[in-house]
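This one's a predicted model, so the numbers in the text were calculated from it and none came from an experiment. Quick note: residue numbers are just sequence positions, from 1. Note that ligands are numbered from 1 as they come in the structure, with each ligand's atoms numbered from 1 the same way.
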Amino acid sequence: MALREILIVPDPRLKKECAAVTEVNDEIRQLLDDMLETMYAAPGIGLAAPQIGVMKRVVVMDVSDEKDKPEPLKLINPEIIWESEELAVYQEGCLSIPDQYADVERPAEVGMRYMDENGKEHEIEADGLLATCIQHEIDHLDGVLFTDYLSALKRNMIIKKVQKLQKTKKSA
Ligand code: GNR
Ligand code: NI
């Protein structure tokens, strides 16, 4: 396993669409393990491959409570197959937009299809934080960030803040 560097906005790779995985092999399984290690270390509840500069449709997640046992999810080519009309608002954050948070409204429940690390297909239904996280991660695979749902004014303020914070971090 290896820790990978997480890209920060405005890295152009975070705005690109990722390619579907065509073969689930050891390279993909290694990628999934590296991503989980990187996500837990951050710490975060989800991580999409483009956040470490790998432009493939691969996601890891764990929305379990810290005090319960870990529940890692490894998702290859995840897709939303249905979404509820009902919406829910969550305060979202993103490891690629460090220390910035904003309310985002999304479908409250979704259905998702994905392949596991053995290439087996699954379909699950999700609500609550898991539903929000699934949508946030699949957005990453299409080059969409949570800030894209905010006004241009709010979005630019957040990006500027992140750039400023990154500069002070580098000179410290
Ligand atoms: O760690 C994360 N927390 C989070 C909180 C609310 C909504 C979405 C997320 S995902 C984020 C990790 C991340 O950036 N994944 O892409
Ligand atoms: Ni994110």
Side-chain angles (χ1 to χ4, degrees), residues 3-21 28 31-80 83-84 86-112 114 124-150 154-163 165-166 169:
L3 272 182
R4 309 279 292 256
E5 191 186 333
I6 296 175
L7 306 180
I8 307 295
V9 287
D11 192 296
R13 287 169 285 184
L14 295 169
K15 300 300 309 174
K16 293 206 171 105
E17 193 175 339
C18 295
V21 172
I28 295 293
L31 172 64
L32 284 160
D33 285 343
D34 288 355
M35 285 171 60
L36 271 175
E37 188 182 355
T38 304
M39 179 191 82
Y40 285 128
I45 59 169
L47 187 71
Q51 293 182 276
I52 58 163
V54 175
M55 307 313 287
K56 293 183 177 156
R57 302 190 80 83
V58 173
V59 162
V60 294
M61 257 183 251
D62 188 337
V63 298
S64 67
D65 216 299
E66 277 165 58
K67 54 191 188 304
D68 299 334
K69 71 164 181 23
E71 282 177 29
L73 270 175
K74 299 175 175 181
L75 312 177
I76 300 164
N77 298 342
E79 309 168 58
I80 306 278
E83 42 187 59
S84 64
E86 190 199 336
L87 305 175
V89 177
Y90 266 90
Q91 188 177 66
E92 297 197 19
C94 182
L95 294 172
S96 297
I97 313 174
D99 302 315
Q100 309 303 315
Y101 304 90
D103 282 351
V104 178
E105 192 175 43
R106 303 180 185 266
E109 295 175 39
V110 294
M112 170 178 64
Y114 67 96
I124 62 166
E125 295 180 6
D127 62 9
L129 183 59
L130 180 60
T132 289
C133 194
I134 284 171
Q135 295 172 78
H136 175 115
E137 301 310 337
I138 293 179
D139 270 353
H140 272 300
L141 305 181
D142 295 318
V144 174
L145 303 173
F146 82 80
T147 44
D148 291 325
Y149 298 101
L150 310 177
K154 266 194 194 168
R155 178 166 56 247
N156 293 335
M157 258 170 52
I158 287 179
I159 311 278
K160 277 208 188 107
K161 242 189 212 165
V162 170
Q163 285 180 284
L165 285 170
Q166 288 298 109
K169 225 168 102 186

Audit row: Tyr114, Asn77, side chain to side chain donor-acceptor pair (under 3.5 Å) steps and yes/no: CA-CA 6 Å; Tyr114 67 96; Asn77 298 342; over 6 Å; no

Are any of the N/O atoms on [X], whether in the backbone or the side chain, positioned under 3.5 angstrom from an N/O atom of ligand 1?
X: Cys133; answer: no
X: Leu129; answer: no
X: Leu95; answer: yes
X: His136; answer: yes
X: Glu137; answer: yes
X: Gln91; answer: no

task: Can you pull out the closest protein heavy atom to atom 13 (C) of ligand 1? Residue, atom name and distance to 0.1 Å, please.
output: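 The protein heavy atom lying closest is Gly46 O, 3.4 Å.
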
- request: Look at atom 1 (O) of ligand 1 and say which protein heavy atom is nearest, naming residue and atom and giving the distance to 0.1 Å.
  value: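 For atom 1 (O) of ligand 1, the nearest protein heavy atom is Ile45 N, 3.0 Å.
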
Side chains of [X] and [Y], heavy atoms from C-beta outward: is any pair under 4.5 Å?
X: Lys16; Y: Pro50; value: no
X: Met112; Y: Leu75; value: yes
X: Leu95; Y: Ile8; value: no
X: Ile52; Y: Leu31; value: yes

- request: Pick one of side chain, backbone, both or neither for how Glu92 approaches ligand 1, counting any non-hydrogen atom pair under 4.0 Å.
  value: both

message: Please give the atom name: the N, O or S atom of His136 nearest to the Ni ion (ligand 2).
response: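 Nearest N/O/S atom of His136: NE2.
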
Against heavy atoms of [X], which atoms of ligand 1 measure under 4.0 Å?
X: His140; value: 16 (O)
X: Gly44; value: 1 (O)
X: Cys94; value: 14 (O)

- prompt: Is the shortest distance from a heavy atom of Gly93 to ligand 1 less than 4.0 Å?
  reply: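 Flag set, Gly93 near ligand 1.
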
message: With a 4.0 Å cut-off on heavy atoms, is Met39 in contact with ligand 1?
response: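 So Met39 does not count as touching ligand 1.
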
field: Atom of Leu129, atom of Tyr90 and distance for their closest heavy-atom approach
entry: N-OH, 3.0 Å

task: Specify the closest pair of heavy atoms between Arg155 and Thr147, including all atoms of both residues, with the distance to one decimal.
output: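 Where Arg155 meets Thr147 most closely, the heavy atoms are NH1-O, 3.2 Å.
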
query: Salt-bridged, Asp142 to Arg57, with N to O below 4.0 Å?
result: yes

- prompt: Does Asp139 pair with Arg106 as a salt bridge, N-O distance under 4.0 Å?
  reply: yes

field: side chain to side chain contact (heavy atoms under 4.5 Å, CB included) assessment of Lys15 paired with Asp148
entry: CA-CA 10 Å; Lys15 300 300 309 174; Asp148 291 325; 2.9 Å; yes

